[in-house]
Protein chains: 2
Amino acid sequence: MVTIYDIAKQANVSAMTVSKVINNTGKISEKTRQRVKKIMEDLNYVPNSMARSLVLQETKMLSLLIPDITNPFFTTVARGAEDAAMRLGYKLLFGNSDENLTKEKEYVDMILSTRVDGVLFSAASDLSGPHLQTLRTHRIPFVLLDRAVPGFDCDAVTGDNREGARRLVEHLLALGHRRIAMVNGSLLVSTARERLTGYKDALKLNDIPPDDELILEMSYKQFADEEALHRLLALPSPPTAVFAGNNFIAVGIIRKLLDMGISVPDQLSVVCFDDLGASVIDPFFTVVSQPAYQFGAMGIQLLIERIKGTTTPEWKKLILPSELIVRNSSAPPNAHAG
Amino acid sequence: MVTIYDIAKQANVSAMTVSKVINNTGKISEKTRQRVKKIMEDLNYVPNSMARSLVLQETKMLSLLIPDITNPFFTTVARGAEDAAMRLGYKLLFGNSDENLTKEKEYVDMILSTRVDGVLFSAASDLSGPHLQTLRTHRIPFVLLDRAVPGFDCDAVTGDNREGARRLVEHLLALGHRRIAMVNGSLLVSTARERLTGYKDALKLNDIPPDDELILEMSYKQFADEEALHRLLALPSPPTAVFAGNNFIAVGIIRKLLDMGISVPDQLSVVCFDDLGASVIDPFFTVVSQPAYQFGAMGIQLLIERIKGTTTPEWKKLILPSELIVRNSSAPPNAHAG
DNA sequence: CTGTTAGCGCATTCAG
DNA sequence: CTGAATGCGCTAACAG
């Protein structure tokens with residue numbers, strides 16, 4: 001392995017001079033600078049960032065922890081984070097917690113020992129609190145992404161879940177729906193709670209009493225519980241529309257409905273939070289779309305500002321607006337059947 | 001920052017003893033071991049992996065370089081790689097080259113300075129050769145993933161592109177198609193060339209002369225060239241089926257066809273390589289599906305074997321079989337129209 | 001069983 | 001403008 005000493009020897013200078021050439025610090029005569037640079041190229045020298053980190057006490061690495069790398073929302077977040085990090089001179093260490101607290105803990109341990117400069121953290125759930133506490137104990141700056149964690153005041157980039165959900169449900173109400181079900185992610189996740197609140201807001205604004213039988217708590221990762229769907233549709237007064245807590249839940253529901261021979265939106269409207277990504281043939285779902293790329297990019301920016309201390313001490317709370325996109329999965333109740 | 005010296009002082013032992021407790025090396029009395037462990041916990045000690053890497057000359061980090069993180073094929077590869085790496089005690093540094101040589105070079109430089117122990121490399125194109133040469137010069141083990149690079153003999157995990165393409169086209173031929181177009185990725189990518197060869201194999205086996213007018217070279221990233229599609233369909237003897245080089249090309253084509261009011265498979269069959277991932281509502285495409293998760297998992301395994309030297313010196317070439325899945329995007333020509 | 005010495009590759013003092 | 005000394009946190013090799 002080529003070190004600054006190898007170069008120093010060849011160039012008849014001290015290692016220190018080489019270091020200064022590399023970092024453009026101090027004053028070096030143009031002549032020796034060129035000579036050193038030439039030798040660095042000839043020897044294929046590459047600085048050892050480990051050694052550098054050790055003395056500088058910074059790694060120029062950030063960690064991005066997301067709950068589901070297969071979800072296009074988080075994939076796009078990752079793209080945004082990656083681009084921003086690279087642009088600002090940082091490397092990105094990805095972690096995928098799989099919505100799983102144990103896996104998340106393993107990543108937190110890894111983050112600690114890797115001495116990353118900061119973490120962009122999308123929590124598996126409210127129970128991630130101790131993991132955040134660990135980061136804080138070790139003085140590792142972090143920015144929460146997408147999901148808040150109760151009891152933790154810190155920098156955060158989130159969406160306007162409550163507002164978005166309200167708008168989505170009001171869209172259904174405007175179409176004439178009155179029996180609107182919500183199939184949600186785990187209520188241990190802040191976004192799920194906020195979306196539920198938005199759902200109730202919309203109902204209340206229209207003087208419709210919420211009906212607990214219409215509210216299902218499942219998981220953001222998938223929707224597999226066919227039986228629950230059956231029960232929902234077999235109610236004495238069944239829903240005419242379903243608000244899915246996220247994109248994957250919506251896909252799961254639609255698949256089941258197809259199996260059951262129920263057509264959307266003719267017999268049932270289905271809307272959801274978050275778009276489905278680039279591999280969708282025919283954008284079909286009426287959704288509230290969030291600026292996923294911006295989530296990642298702004299998160300990294302905030303994080304780096306915090307690391308460098310180029311921001312005020314108060315925690316920054318960035319709320320990125322979502323957008324209602326009406327497509328073909330929603331229609332007036334009994335549009336065709338009635 | 002808590003170091004082994006802090007612990008050593010508190011425990012009235014030398015730093016060396018602490019190090020031995022951490023690594024379970026050497027002989028330490030149970031009593032002092034317990035005492036040291038207790039203090040490590042009390043002080044929230046976490047080993048500094050940078051310092052460790054510096055002396056051990058290994059980072060326990062691997063790099064995964066993929067060309068498109070938004071493509072579900074590579075997302076699934078990433079999942080497989082991540083799981084395998086974590087299981088075997090390695091961290092994974094992701095990089096997304098975006099099918100872009102410049103970005104790829106930046107990542108290679110980063111990889112070099114980070115001193116990762118190895119790289120799982122899915123090349124942007126044949127022109128990635130110099131980047132591989134750089135890795136080799138610096139003695140960083142790598143395994144090629146999905147895409148071969150001409151002139152480079154090395155470990156590799158790839159698919160059976162030629163066979164898969166042949167089977168896919170033979171499926172169309174069996175349905176009665178004779179005019180089959182191929183819309184491919186860049187021929188600078190090995191998989192695109194192999195798939196083209198497989199396409200020609202199938203035609204030849206059925207005594208159909210290939211027609212250059214039916215073969216389009218585009219990009220794996222998307223299919224946006226509406227005009228090319230128009231020209232294709234406006235040929236004196238237009239195709240009755242299209243073989244798309246990958247999933248994204250297929251999606252792009254279908255979207256355009258929808259816009260043009262052409263229905264699939266009634267008026268035109270469309271098949272492709274690689275599945276579309278978890279966010280697809282109604283699995284529609286007839287595809288050749290590759291075991292993406294296995295690509296990542298096997299790639300990491302091979303890489304680690306190479307790093308540890310627990311494999312024979314010859315380069316390992318792993319070819320993972322693909323599977324033809326017939327769904328609803330392919331049908332006999334003029335199934336409904338005729 | 002435990003401690004001492006030395007060095008991984010680099011950058012920050014502070015002298016010349 | 002350039003260099004010598006020192007230490008970042010850790011471990012391999014050896015000495016007690």
Side-chain angles (χ1 to χ4, degrees), chain A residues 1-37 39-40 43-61 89 110-117 138-140, chain B residues 1-37 39-40 43-61 109-117 138-140:
Chain A
M1 173 163 308
V2 183
T3 74
I4 52 171
Y5 289 98
D6 300 321
I7 316 198
K9 203 179 295 176
Q10 292 244 355
N12 276 321
V13 292
S14 77
M16 224 27 253
T17 305
V18 178
S19 174
K20 279 171 184 157
V21 170
I22 293 169
N23 298 297
N24 266 315
T25 65
K27 305 273 163 221
I28 305 285
S29 78
E30 196 50 32
K31 218 172 52 185
T32 58
R33 155 171 273 108
Q34 291 308 330
R35 186 155 40 96
V36 169
K37 281 204 163 175
I39 294 175
M40 279 179 17
L43 267 51
N44 284 314
Y45 171 74
V46 179
N48 183 326
S49 66
M50 298 291 142
R52 205 189 161 85
S53 298
L54 195 57
V55 36
L56 256 35
Q57 302 282 37
E58 66 166 13
T59 56
K60 287 283 181 187
M61 277 198 232
M110 187 198 93
I111 283 166
L112 257 34
S113 77
T114 309
R115 301 292 197 270
V116 300
D117 296 341
H138 288 268
R139 300 226 157 67
I140 302 193
Chain B
M1 174 163 307
V2 182
T3 74
I4 52 170
Y5 288 97
D6 299 321
I7 316 199
K9 202 179 297 175
Q10 292 245 354
N12 274 321
V13 293
S14 77
M16 215 37 240
T17 304
V18 177
S19 173
K20 281 170 184 158
V21 169
I22 292 170
N23 298 297
N24 266 316
T25 64
K27 305 269 162 227
I28 304 285
S29 78
E30 196 51 33
K31 219 173 52 183
T32 58
R33 154 172 273 108
Q34 290 309 328
R35 186 155 40 97
V36 168
K37 281 204 164 175
I39 293 175
M40 280 179 14
L43 265 52
N44 282 316
Y45 171 75
V46 179
N48 183 327
S49 67
M50 298 292 142
R52 200 159 203 274
S53 299
L54 195 57
V55 37
L56 257 35
Q57 302 282 35
E58 66 165 14
T59 55
K60 287 285 181 184
M61 277 198 231
D109 288 344
M110 187 199 93
I111 281 165
L112 257 35
S113 78
T114 309
R115 300 293 197 270
V116 299
D117 296 341
H138 287 269
R139 300 224 155 67
I140 302 193

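Within every chain, numbering begins at 1; the chains are lettered A, B, ... in the order of the sequence lines, protein sequences first and strands thereafter.
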Would you indicate what [X] reaches in the nucleic acid, counting non-hydrogen atoms under 4.0 angstrom: base, sugar-phosphate, or nothing?
| X | answer |
| --- | --- |
| A:Thr32 | sugar-phosphate |
| B:Leu56 | sugar-phosphate |
| B:Ile28 | sugar-phosphate |

Interface limits on DNA chain D, where chain B has a heavy atom under 4.0 Å of a nucleotide atom
D:dG9 to D:dA13

Which pairs of donor and acceptor atoms, one on a side chain in residues 7-14 of chain A, lie under 3.5 Å apart (sequence neighbours left out)?
{"unit_1": "A:Ser14", "atom_1": "OG", "unit_2": "A:Met16", "atom_2": "N", "d": "3.2"}
{"unit_1": "A:Ser14", "atom_1": "OG", "unit_2": "A:Thr17", "atom_2": "N", "d": "3.3"}
{"unit_1": "A:Ser14", "atom_1": "OG", "unit_2": "A:Thr17", "atom_2": "OG1", "d": "3.4"}

Please state whether the phosphate of [N], meaning OP1 or OP2, lies under 4.0 angstrom from any side-chain nitrogen or oxygen of [X].
| X | N | value |
| --- | --- | --- |
| A:Arg52 | C:dG9 | no |
| A:Gln57 | C:dA11 | no |
| B:Ser29 | C:dT2 | yes |

So, does A:Asn48 use its side chain to make a donor-acceptor pair with the main chain of A:Met50 at under 3.5 Å?
yes

Are there any protein N/O atoms within less than 3.5 Å of an N/O atom in nucleotides 3-7 of chain C, and if so, which ones and at what distance?
{"unit_1": "C:dG3", "atom_1": "OP2", "unit_2": "B:Ser14", "atom_2": "N", "d": "2.8"}
{"unit_1": "C:dG3", "atom_1": "OP2", "unit_2": "B:Ser14", "atom_2": "OG", "d": "3.4"}
{"unit_1": "C:dG3", "atom_1": "OP2", "unit_2": "B:Thr17", "atom_2": "OG1", "d": "2.7"}
{"unit_1": "C:dG3", "atom_1": "O6", "unit_2": "B:Lys20", "atom_2": "NZ", "d": "2.8"}

How bent is the helix from C:dC1-D:dG16 to C:dG16-D:dC1, measuring the angle between the end axes built from five pairs each, rounded to 10°?
40°

Suppose we screen for side chain to side chain donor-acceptor pair (under 3.5 Å). Which residues come up paired with A:Ser49, at least two apart in sequence or across chains?
none

For B:Asp117, enumerate each residue passing the side chain to side chain donor-acceptor pair (under 3.5 Å) test, keeping only those at least two apart in sequence or located in another chain.
B:Thr59

